[in-house]
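Order of the sequence lines fixes the chain letters, A, B, ..., with proteins taken first and strands second; residue numbering starts at 1 for each chain.
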Number of protein chains: 2
Amino acid sequence: MKLSTKGRYAVMAMVDLARHSNGNPVSLAEIAERQEISLSYLEQLFARLRRGGLVKSVRGPGGGYLLAHDRDTTRISDIILAVDEPIRAIRCTPGMSVGCRGDRSRCLTHDLWEELANQIHLYLSSVSLGDVCEKRVLGTSGIVQREAYRAMEAVVLR
Amino acid sequence: MKLSTKGRYAVMAMVDLARHSNGNPVSLAEIAERQEISLSYLEQLFARLRRGGLVKSVRGPGGGYLLAHDRDTTRISDIILAVDEPIRAIRCTPGMSVGCRGDRSRCLTHDLWEELANQIHLYLSSVSLGDVCEKRVLGTSGIVQREAYRAMEAVVLR
DNA sequence: TTTATATCCGATTGATTTACTCAGGTATGA
DNA sequence: TCATACCTGAGTAAATCAATCGGATATAAA
């Protein structure tokens with residue numbers, strides 16, 4: 001899982017869309033102005049989001065974009081995976097580049113990066129668009145999340 | 001916390017150092033050959049690792065690098081922070097760029113990225129150089145880690 | 001004292017990625 | 001028909017990455 005400002009822009013735009021759409025399509029021009037992202041760049045991002053099945057488009061005047069699914073079932077991880085397409089976890093397995101040449105000396109750090117990617121994906125798939133909209137990200141609610149957080153804390157404070 | 005192949009190289013090199021140093025200094029030339037990283041690039045990385053207090057250098061013939069601390073107290077997170085210096089979490093707070101201009105409309109995604117950075121740092125600081133060397137990364141041991149993992153899993157499968 | 005070893009240091013470079021622009025094309029409601 | 005807004009692809013400045021080059025400095029061994 002790759003983490004860049006690209007994914008960050010996409011999430012910001014999707015949150016904006018979720019908040020300002022009351023069943024009506026929201027135009028990219030609106031989002032661009034509110035979030036201070038260039039229109040053309042948003043168009044690129046939404047092209048990927050559409051192909052990823054996360055939004056639906058309505059063409060013509062009064063058109064724009066709609067969430068394809070409910071805001072509470074749209075995961076942050078899906079948004080990032082949609083815009084950062086090349087899902088190659090940590091460029092290790094495919095081209096066997098950067099050491100880690102499959103043979104006997106399988107690189108020792110392989111498991112580490114794989115597990116880190118796991119952790120990141122786990123967290124981001126535990127948060128929905130609705131969670132972010134309602135500021136439910138490690139807020140006062142979210143019991144299970146805080147449980148997990150406490151367990152992680154136990155690890156570092158061992 | 002920034003994640004790049006730069007940090008990845010640094011961790012690979014540090015693991016190599018930890019494994020092949022029996023109290024003796026290990027030269028970068030050795031590490032470069034084993035890990036297939038260019039010598040000059042390693043020099044750049046180890047300059048930062050030295051400034052970060054993670055390794056000690058011994059100059060002259062027979063010289064090389066030594067771990068500054070025990071392999072079990074050297075955290076992966078410290079290695080990555082040392083080479084990726086600009087610790088700016090997610091370029092939000094300092095230049096108030098990319099939306100999130102401090103005023104009333106504090107960007108909604110701010111908490112999300114902050115918490116994600118938290119999660120990543122939490123995980124990487126729970127793993128030591130020794131853990132990676134002994135393949136204790138989510139292996140068959142590491143009870144607390146697996147507990148945390150299961151808790152996270154409960155979140156995504158809610 | 002010379003010499004080979006190896007850390008140090010800075011400047012530069014090709015390749016890649018990012019964030020963005022430009023120039024159009026296409027569907028559709030008014 | 002016309003303005004709106006989605007759609008597409010090509011191109012671009014800036015930044016970063018991974019690496020190279022040329023040297024300086026310290027030091028153990030000859």
Side-chain angles (χ1 to χ4, degrees), chain A residues 2-13 17 20-21 24-33 35-52 54-66 68 80 83-88 90-91 95 97-99, chain B residues 2-13 17 20-21 24-33 35-52 54-66 68 80 83-88 90-91 95 97-99:
Chain A
K2 211 176 132 197
L3 291 172
S4 64
T5 52
K6 199 169 178 176
R8 204 164 123 68
Y9 277 119
V11 173
M12 283 172 62
L17 172 57
H20 293 92
S21 161
N24 311 316
V26 179
S27 75
L28 291 191
E30 290 177 57
I31 299 177
E33 200 192 345
Q35 301 299 320
E36 291 181 331
I37 307 173
S38 89
L39 177 59
S40 303
Y41 197 40
L42 273 181
E43 284 177 343
Q44 286 177 37
L45 295 178
F46 274 79
R48 287 169 183 260
L49 292 171
R50 202 179 108 263
R51 278 180 233 129
L54 290 165
V55 294
K56 286 178 293 186
S57 65
V58 180
R59 301 182 73 160
Y65 285 93
L66 291 164
I80 293 176
V83 298
D84 275 330
E85 277 195 278
I87 322 180
R88 49 170 195 185
I90 9 154
R91 80 157 183 173
S97 57
V98 190
Chain B
K2 210 178 131 196
L3 292 172
S4 65
T5 53
K6 199 169 181 177
R8 205 164 123 67
Y9 276 120
V11 173
M12 283 171 63
L17 172 57
H20 294 91
S21 161
N24 310 316
V26 179
S27 75
L28 292 190
E30 290 177 56
I31 298 177
E33 200 193 345
Q35 301 300 320
E36 293 181 329
I37 306 174
S38 88
L39 177 58
S40 303
Y41 196 41
L42 273 181
E43 286 177 344
Q44 288 176 38
L45 295 179
F46 273 79
R48 288 168 182 261
L49 292 171
R50 203 179 107 263
R51 277 180 234 129
L54 290 165
V55 294
K56 286 177 295 187
S57 66
V58 180
R59 300 182 72 159
Y65 286 91
L66 291 164
I80 293 176
V83 297
D84 275 330
E85 278 194 278
I87 323 178
R88 49 170 194 183
I90 8 153
R91 81 155 180 173
S97 56
V98 190

Interatomic spacing from OH in A:Tyr65 to CD in A:Glu30 - rounded to 0.5 Å: 13.5 Å
Can you build the contact string for nucleotides 21-30 of chain C? Use B for base contact, S for sugar-phosphate-only contact, and - for no protein heavy atom under 4.0 Å. BB--BBBBB-
How long is the line joining [atom1] of [X] and [atom2] of [N], in whole Å?
X       : N      : atom1 : atom2 : result
A:Glu33 : D:dT4  : CD    : P     : 15 Å
B:Tyr65 : C:dT5  : OH    : P     : 18 Å
A:Lys56 : D:dC7  : NZ    : P     : 13 Å
B:Glu30 : C:dT7  : CD    : C1'   : 14 Å
A:Leu49 : D:dC7  : CG    : P     : 11 Å
B:Leu45 : D:dT16 : CG    : P     : 16 Å
A:Leu28 : C:dC20 : CG    : C1'   : 15 Å
A:Leu42 : D:dA5  : CG    : C1'   : 13 Å

Is the phosphate of [N] approached by [X] (side-chain N or O, under 4.0 Å from OP1 or OP2)?
X       : N      : value
B:Tyr9  : D:dC17 : no
A:Ser57 : D:dC7  : yes
A:Arg50 : D:dC6  : no

Where is the tightest heavy-atom contact between [X] and [Y], given as atom of each residue plus distance?
X       : Y       : result
B:Leu39 : B:Leu28 : CD1-CB, 3.5 Å
B:Lys6  : B:Val83 : CE-O, 3.8 Å
A:Ser57 : A:Arg50 : OG-CD, 3.6 Å
B:Ser21 : B:Val26 : CB-CG2, 3.5 Å
A:Gly64 : A:Pro25 : N-CB, 3.6 Å

Bend angle of the helix from C:dT1-D:dA30 to C:dT13-D:dA18 from five-pair axes at both ends, rounded to 10°? 10°
Contact class for A:Phe46 vs. all strands (heavy atom < 4.0 Å): base, sugar-phosphate, or nothing? nothing
Parallel, tilted or perpendicular, as decided by the 30° and 60° cut-offs, for the rings of B:Tyr9 and B:Tyr41: perpendicular
Determine the sole option in B:Leu42, B:Val55, B:Leu17 for which the side chain to side chain contact (heavy atoms under 4.5 Å, CB included) test with B:Leu49 is passed. B:Val55
Run the side-chain contact (heavy atoms from CB on, under 4.5 Å) check on A:Ile37 and A:Ile31 step by step: do they pass? CA-CA 8 Å; A:Ile37 307 173; A:Ile31 299 177; 5.5 Å; no
Side-chain atoms of A:Lys6 come closest, of D:dC7, C:dT18, C:dC20, to C:dT18
